[in-house]
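So the structure is just underneath, and the comments pick up after that.
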Amino acid sequence: MELDPNEHALHNAPFLWRTPEPKKSYEAIIVGGGLHGLATAYYLAKNHGMTDIAVVERGWLGNGNAVRNTTIIRSNYLWDESAAMYEHALKLWETLSDELDYDVMFSQRGVLNLAHNLHDVRESIRRVEANRLNGVDAEWLDADAVKEFCPIVDISPEARYPVMGATLQRRGGIARHDAVVFALGRAADALGVDLIQGCEVTGIDVVDGRVTGLQTSKGPIAAGKVGLVTAGRTSLLTAMAGFDLPIQSHPLQALVSEVYEQVLNCVVMSNAVHVYVSQAHKGELVMGAGIDAFNSYAQRGGLHVIEEQMSAGMELFPQFSRARVMRTWGGIVDVCPDASPIVGLTPVENLYVNCGWGTGGFKATPGSGWVMAHTIATGEPHELNRPFSMTRFETGELIDEHGAAAVAH
Amino acid sequence: MKRLDDRGRIDHDHSFEFTYDGRTLTAHPGDTLASALLANGVDVIGTSVLMSRPRGVVTDNVTDPHAFAQVGTGSVTEPLMRMNEVEVFAGFEAEGRLHQGLLPTERESTRFEKRFAHCDVLVVGAGPAGLSAALAAADAGSRVILVDDHPHLGGALLGGEKLIDDKPATRWVADVEARLRANPDVTILTRTTAFNNGDQGAVALMERVTEHLPEAKRDGRALRRMWQVRTHELVVATGATERPLVFADNDRPGVMLAAGVRGFLHRFGLVPEKLVVFTACDDAYRTAIDLAGAGVDVQMVVDVRKDPQGSLIKRTRELGIEIRDNAAVIGTDGDADGVLTAVRVASLDGGVPEAIACDCLAVSGGWDPLFDLHLHVSGGSRWNRKLVGFVPDGSLPGIRVTGAAAGIFGTAGCRRDGHVVGLVAAEATGHGTTADGPAAPEGHDANEGPTADFVDVPGTERIHAFVDQHRDVALAGVDRALGSGIHHVEHVKRYTLVGTGTEQGRTAKVNAGRLTARHFGLDFAEVGISNARPLAQPMTFGSLAGRSLGVRFDPVRTTSIHPWHVAHGAIFEDVGQWKRPWFFPQGNEDMDAAVLRECAAVREGVGMMDASTLGKIDVKGKDAGEFLDRLYTGVMSSLKPGRARYGVMCKADGMVMDDGVVLRLADDHFMATTTTGGAAGVLDWMEDFLQTEWPYLDVWLTSVTEQWATVAVVGPKAREVMAVLAPELDVTQDAFKFMQLEDAVVAGIESRVARISFSGELAFEINVPMTYGLALWEAVFAAGQPFGITPYGTESMHVLRAEKGYFIVGQETDGTVTPLDLGLDWMIADKEFVGRRSLRRSDMLRDDRKQLVGILPVDSKDRLPEGAQLIDSAEYEIPVSMIGHVTSSYESSAMGRTFGLALVRNGRNRIGETIYAPLADRTVAVEIVDAVIFDQEGARRDG
Amino acid sequence: MFEIRCPYCGPRDEPEFKYGGQAHVAYPADPELLSDEEWARFLFVRDNSRGRYAERWNHAAGCRRWFNVIRDTGTHELVGSYRVGEQPEDAR
Amino acid sequence: MADRAEPLAALQGRINDAAFGGTTLMTVPFVAQVGLRVEPGSAAAGRVETALGLELPEVNRMSESGGRRAIWLAPDEWLVVAADGEERSLVALLEEAIAGEGSVVDLSANRTGLELAGPDARTVLATCCSLDFHPRAFGPGQCAQTLIHKAGVLVEQRGDDRYLLLVRPSFAAYVAEWLLDGMLGLKADAAA
Ligand SMILES: Cc1cc2nc3c(=O)[nH]c(=O)nc-3n(C[C@H](O)[C@H](O)[C@H](O)COP(=O)(O)OP(=O)(O)OC[C@H]3O[C@@H](n4cnc5c(N)ncnc54)[C@H](O)[C@@H]3O)c2cc1C
Ligand SMILES: NC(=O)c1ccc[n+]([C@@H]2O[C@H](COP(=O)([O-])OP(=O)(O)OC[C@H]3O[C@@H](n4cnc5c(N)ncnc54)[C@H](O)[C@@H]3O)[C@@H](O)[C@H]2O)c1
Ligand SMILES: Cc1cc2nc3c(=O)[nH]c(=O)nc-3n(C[C@H](O)[C@H](O)[C@H](O)COP(=O)(O)O)c2cc1C
Ligand SMILES: [Zn+2]
């Protein structure tokens, strides 16, 4: 089903947001009008009653990874800390459209993670078992069951890397990236949050170890508290505040095909062959490519990564041969050494950071906003984000999500 | 439309039949699907995406928002093919599907190829600018590739009646083409689209090799070929595209773009009966003039501008064509099928509209330079108010935009600019000399007037005045978006979907941006248009994958012994790119039965295994021992020549990275073995430290993984087999100890034999040059027959080593496990090694870390799945706290029971305790035991 | 797809190379002397700036040498390459 | 000694049949191959040159004399190739020459050879290798380590239109599959 853009013209357009100029000062400012920034602002207002707040965004709302991701939502992560965080988010997704009164097109069509060798199988079962005991829905399917669930996957044993089975999270799925931006922005605006676009933060004022305000392209703005929610550009911002993060920013490319009648009824991800693909509501195939190895802020990567993706895709879905890549793009993903985010306090008082979601933070959107809002409002991490602190890199208490589910989208 | 016999570049003398929507139609060689349909009077080619409105062909090129078809049938059907690009042939089949194509349902075997190419100057677009550039660069001595997406060179010159040097422009084209073809360093590719521009001149092209031919004439050749060009200089001469105007019912079949109408005349000899032209620029007058010249009844030119001047307008008047200035088409009328029958024209100052009968309305809102290849690498653009079009802004290294793509709209200017750009590009590649004059400035020909900044007709009905005809977005849709508070074009795009269709809104985006700017009273130069991205044209997955499929997708690596494994019915396991025998079933055995048999043979008699895939690194030099000491947790420098030692290495973060046995061959010579999957990574790791951290060490590394094949002879009877194979070699315990190496002739092959055991049994690993691997294997198999020698695979190997508590990298470890967690405290020598410091971090010192232990299910028949989680109590409620997981789990023939290995919190202090594996269908009690379960004294390794 | 100049073999396509992150970060001479914080910095923190950046590449499919490249992380311009032991000014 | 296995035995038939229009693919008989690591310009390198009777070639080049040739692999690395059976004597000769200042490793089984020759050889390579083999960029006596799609190879131009590819045996079939497929496509083009 797709929205008819004209039909609504006959009715009054639902209002999305105001375009305010920044006030002189705010109780709290969120830097970054991506999904996590918008969700943070929304929950600050809604859960914590803070309305003297602003989101400052250098471009337009959503112009970072928010609109560039492949929209896969799932919570079947291996480690307890991650599973708790993502499951919290998934539960929020399940009621988000109703709560925000705006259809974010969350479709729980199921996410398959394919296993192609014995190592994959072992790690998949390990994850399914851990998920189940953490209260996260997860199933192991053998190859025939995979075929039954997703008939267009090629499971023939002659394949270079035959499908040996898959994990399935039925509650996982996709949502419409742009709609989520509209929905969260509208809800935050309605609660009084100033969404300030075209406002780039160029400096962070720190006095006696404590943040007091921001320098921006629209002038200085004072702030009692500041949350940095700037994904791939976070290193540039923390440098303004005088500290570094263990983050590298990489291009991650994705692509969409032209629009076809529905052929793919679920999300399929494969680690060994490196594919993740779904078919959006409108009918375009949405596919993610591998990460480009180098770091970059250019929002683009190499075509060879896409070419490899196409070979991998054809291995699993031979009938995609005549599907066409219509548009490719790259986001800037903020990758942490353990493939888990950093959400919490910083060395600067009243300055909080939420980043490192890397290739997989879309699914966390409501959960991330929820715990970030808690952290900003109370000055203490929420129980769920406590393990995701910066200090884990010193103690070694990493939450290493590379091993079991290396395709972290 | 009607076909004129004396016009166009098609072969009028021949014709053939093809099928569209099940109807049999005729076409001529040279026809595209679009021209063929127009010639057959197929005005309605399908319906639109949201409103199901009838739609027709709009123009003669790939920017057409409607002209898409589903081509072919069965497994070779291809959705959304461009009707203006697809050439028809006898037997061609297509169906009108303007959106939502159909994917085939089966695998196809069509060939899509790739080719690499290199050049000094790549010229994209063979219009006057591109041809001039290519010729100048080639004449200067550069290696040139010239590409154009049409079957013929000439670009816009093919769709008009221009003169160059007083001769028809096509004569000039032919002349330039001949000169280029005569140059051996020039490659000309027609029917080829440049679709992606990457960094440092990496340009991707797609050539339609046999697509225009009937299946029978393709003869096994590729349908398409992707070219991966690396060019020093890229010349973008891709021309410009025309954009429409917005008015009520502007989507009716019969409403077309002006240059398209002209193109259909000149390229295909097609003309309407009665024409009206509606324009905001001079160029569309060419359509009126040319069609009048072809005998078409040109009713009127409706021009939104007041009192336009210039030679084209003058000429139009001279032909007696009525020009209605300061006027607009405010609506259109159609017949029962919706096809255009009349337009309604009114003055922009108001007044009564006048209906004018026509079957074609040729519209032009102006021209948009097309420079995607510059945008692909983050090139900028700026709005040129005078041209009323976007032009490239700023220059990028190695990329030059010329001709109409750069906003130079006159043919003479295009030639001039192309020539200069060609010379400059050649010079940049070290050929020729500086250009002989200035390039041409952007702008129209001197005889052409300015384009009006005009998008939609004031007061137009909103619902059926289309901005994006492909996505069915009308003014009303844009209004609604703009009424919601958004004002950024990207938000408008994402709200309305303008420009997100398969032609990426080529005819829509600029108008949508201008409407947005006007609505908010903003300057369009600031508002801009939504982002353009690759690909310049959509390309199929299959053609981008090329031949990298199946056996060519990823290497299948096998050892020299592999043919024997295949011949003896081995079932294989993928380990990285290697295929390794997993088990060797006999008769109807399943895996469990085969593995029990194989393991029993090894423990009771003798087994043999192909261990050739293990990584092997030759380490040579005076400092080789010191070097290895710095990388392994243990000490290697104290090893005596002729002896071997097991080693583990960590990443800098202290986590186990790889393990293997290190053999000392001489004082300054070692060979380190690695895991199969880790081989490349370990060598890279070693080289990294050697080259960048310790370049002063005298050490030389060489990969010898594939120099050596390794056959392991394992079991209590291994000595007896060895005695047969190597009569010269003293294999007695005293002469040949555990972890000792000997050079020996084995089965007549010069070998290096080592007593290394991964099973706890007496074992000999025989290493011979890879080419002798199969011969050795066969000899071992033959010599072992009297002892019942049993080939075994990786599964049995895993069972045997697990019984001994040996971990497998990647199975017991996952990047979060330290050597201490594995109980390898004894291997942490008192010296610095990479990663050591990490073992002192607080989290590494916690006593409740997960540690490697053995587990025995209380029910000795119950085999746990690997990956099962472990908890403290038999009763539990979800969520439950997990204390570890089962890393390995097997049935042991030696012990007659199931067992496993697990990582368990504080596990080593909990030996003897019972914990639980809560499975979906049952909860299994398991006892924690020492990781070494079988033969704890190690009595068996010496036989 | 980058074309990277190996200082030994010459310009080659990116797939022949392996990326190695920020250049000029030495393994600490005596890790035992470092605090947990200092050690964590070495292990995990690398420059992530926008603009000209000195980074390591290994010509994995060619001469297997590690070398350094100056690249602009904002534009992908490859300014030059230089050998291990040389300084960025040597970049050609 | 026992028989040696040809790494490409299983593909030999297809390799033989691939020829078209004078372009051929062939497997290459066994040769002795020895890996040499030595500091260029050092005394040891000088002794190696004397012992081999040839100059150690510069980057991306090969030098040849008396049936032996040295192929440049890296700034301090060469592959020395000689007739089958010479590996032992060659190792001994080189060991003696370097006298502990470097490394000499018998790699005779570590790579296997494929020879591609004929008027379309360059185009066949262009189907799977990104190097520029145009005569302006690559000529006889030149060599390079590069990729055939995802497999490493050492390419050496042995004459006009004649290329030797040395490949690890476990990748040989993969490389052959690419070359055979390239030839198949070009054969069809040539026929059209
Ligand atoms: C190709 C791709 C595929 C992906 N696929 C998935 C997937 O399938 N599932 C999934 O869960 N996740 C996926 N992700 C990851 C996901 O997109 C991100 O983790 C998530 O969107 C990041 O959160 P965010 O919304 O806060 O970041 P962003 O949307 O990037 O928000 C950061 C914002 O900060 C702004 N900003 C930066 N600097 C400044 C400054 N100085 N001043 C003011 N504002 C500033 C930026 O403009 C931007 O709008 C994918 C990412 C990519 C690139
Ligand atoms: N008077 C006007 O308003 C006006 C406006 C625009 C153009 N023109 C005329 O058009 C001509 C422009 O000459 P030109 O040489 O700049 O361009 P051109 O339009 O003559 O040639 C460009 C060629 O490039 C091809 N092409 C475009 N993108 C391609 C791609 N990605 N890959 C491969 N081929 C691609 C096109 O199909 C075309 O054949 C001149 O004659 C000019 O007078 C006039
Ligand atoms: C799930 C999803 C579906 C998309 N579908 C389309 C589409 O149908 N048409 C289109 O042109 N772009 C589509 N896009 C891509 C966007 O147009 C755009 O490229 C992407 O949001 C990144 O923005 P950028 O290209 O401006 O950098 C889609 C993107 C996503 C994430
Ligand atoms: Zn190199």
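Chain letters run A, B, ... following the sequence lines, proteins first, then strands; residues in each count from 1.
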Side-chain donor-acceptor pair present, Ser170(D), Arg557(B), cut-off under 3.5 Å: yes
Heavy-atom proximity to chain B below 4.5 Å, by part of Glu6(D): neither
- prompt: Between Trp227(B) and Glu207(B), does any side-chain donor sit less than 3.5 Å from a side-chain acceptor?
  reply: yes
message: Is a donor from one side chain sitting under 3.5 angstrom from an acceptor on the other, for Asp76(D) and Trp78(D)?
response: no
message: What part of Asp554(B) gets within 4.5 angstrom of chain D, counting heavy atoms only: side chain, backbone, both, or neither?
response: both
query: At a heavy-atom separation under 4.5 Å, does Glu778(B) approach chain D through its side chain, its backbone, both, or neither?
result: neither
statement: Honestly, the part of Arg122(D) sitting under 4.5 Å from a heavy atom of chain B is neither
task: Pick out which of Asn110(D), Thr112(D), Val167(D) makes a side-chain contact (heavy atoms from CB on, under 4.5 Å) with Glu706(B).
output: Asn110(D)
message: Closer than 3.5 angstrom, by distance alone: can the side chain of Lys620(B) be matched with the main-chain N or O of Asp668(B) as a donor-acceptor pair?
response: no
Thr710(B) side chain reached by Ile766(B) side chain, heavy atoms, under 4.5 Å: no
task: Verify, without hydrogens or angle tests, whether Arg230(B) (side chain) and Gln200(B) (backbone) share a donor-acceptor contact under 3.5 angstrom.
output: yes
message: Need one label for Arg111(D): side chain, backbone, both or neither, based on atoms under 4.5 Å from any heavy atom in chain B.
response: neither
field: chain D contact via Trp708(B) - side chain, backbone, both or neither, heavy atoms under 4.5 Å
entry: neither
message: We want to know whether Thr613(B) and Arg580(B) form a side-chain donor-acceptor pair, criterion being a heavy-atom distance below 3.5 angstrom.
response: yes
query: So do the side chains of Leu690(B) and Leu697(B) get within less than 4.5 Å of each other, counting heavy atoms only?
result: yes
message: Between Arg115(B) and Met226(B), is there a side-chain heavy-atom distance shorter than 4.5 Å?
response: no
- prompt: What are the residues of residues 12-22 of chain D, in order of number, with any heavy atom under 4.5 angstrom from a heavy atom of chain B?
  reply: none
query: For Ala5(D), is it the side chain, the backbone, both, or neither that has a heavy atom closer than 4.5 Å to a heavy atom of chain B?
result: both
Heavy-atom side-chain contact between Val34(D) and Leu79(D) under 4.5 Å: no
task: Enumerate by number any residue of residues 210-221 of chain B whose heavy atoms lie under 4.5 Å from heavy atoms of chain D; in the absence of such residues, state 'none'.
output: Asp219(B), Gly220(B), Arg221(B)
- prompt: With distance as the sole criterion, is a donor-acceptor pair present between the side chains of Glu233(B) and Thr429(B) under 3.5 Å?
  reply: no
- prompt: Using non-hydrogen atoms only, which part of Asp667(B) is less than 4.5 Å away from chain D: side chain, backbone, both, or neither?
  reply: neither
message: Checking His118(B) against Thr231(B): is there a side-chain donor and acceptor pair closer than 3.5 Å?
response: no
message: Using side-chain heavy atoms (C-beta onward) and a distance below 4.5 Å, is Arg4(D) in contact with Val768(B)?
response: no
Residue pairs involving residues 96-134 of chain D (criterion ring-ring contact (aromatic ring centres under 6.0 Å, His included); sequence neighbours excluded): Phe133(D)-Phe138(D), Phe133(D)-Tyr163(D)
query: Which answer fits Ser612(B), side chain, backbone, both or neither, if we ask what part of it has an atom under 4.5 Å from a heavy atom of chain D?
result: neither
- prompt: Considering only heavy atoms, which portion of Val175(D) lies under 4.5 Å from any heavy atom of chain B: side chain, backbone, both, or neither?
  reply: neither
query: Is it true that Arg68(D) and Glu86(D) have a side-chain N and a carboxylate O under 4.0 angstrom from each other?
result: yes
field: Electrostatic pair Arg547(B):Glu113(B) at N-O distance under 4.0 angstrom
entry: no
- prompt: Hey, which residues of residues 184-192 of chain D are touching chain B, say heavy atoms under 4.5 Å apart?
  reply: Leu184(D), Gly185(D), Leu186(D), Ala188(D), Asp189(D), Ala192(D)
Structural part of Val704(B) lying under 4.5 Å from a heavy atom of chain D: both
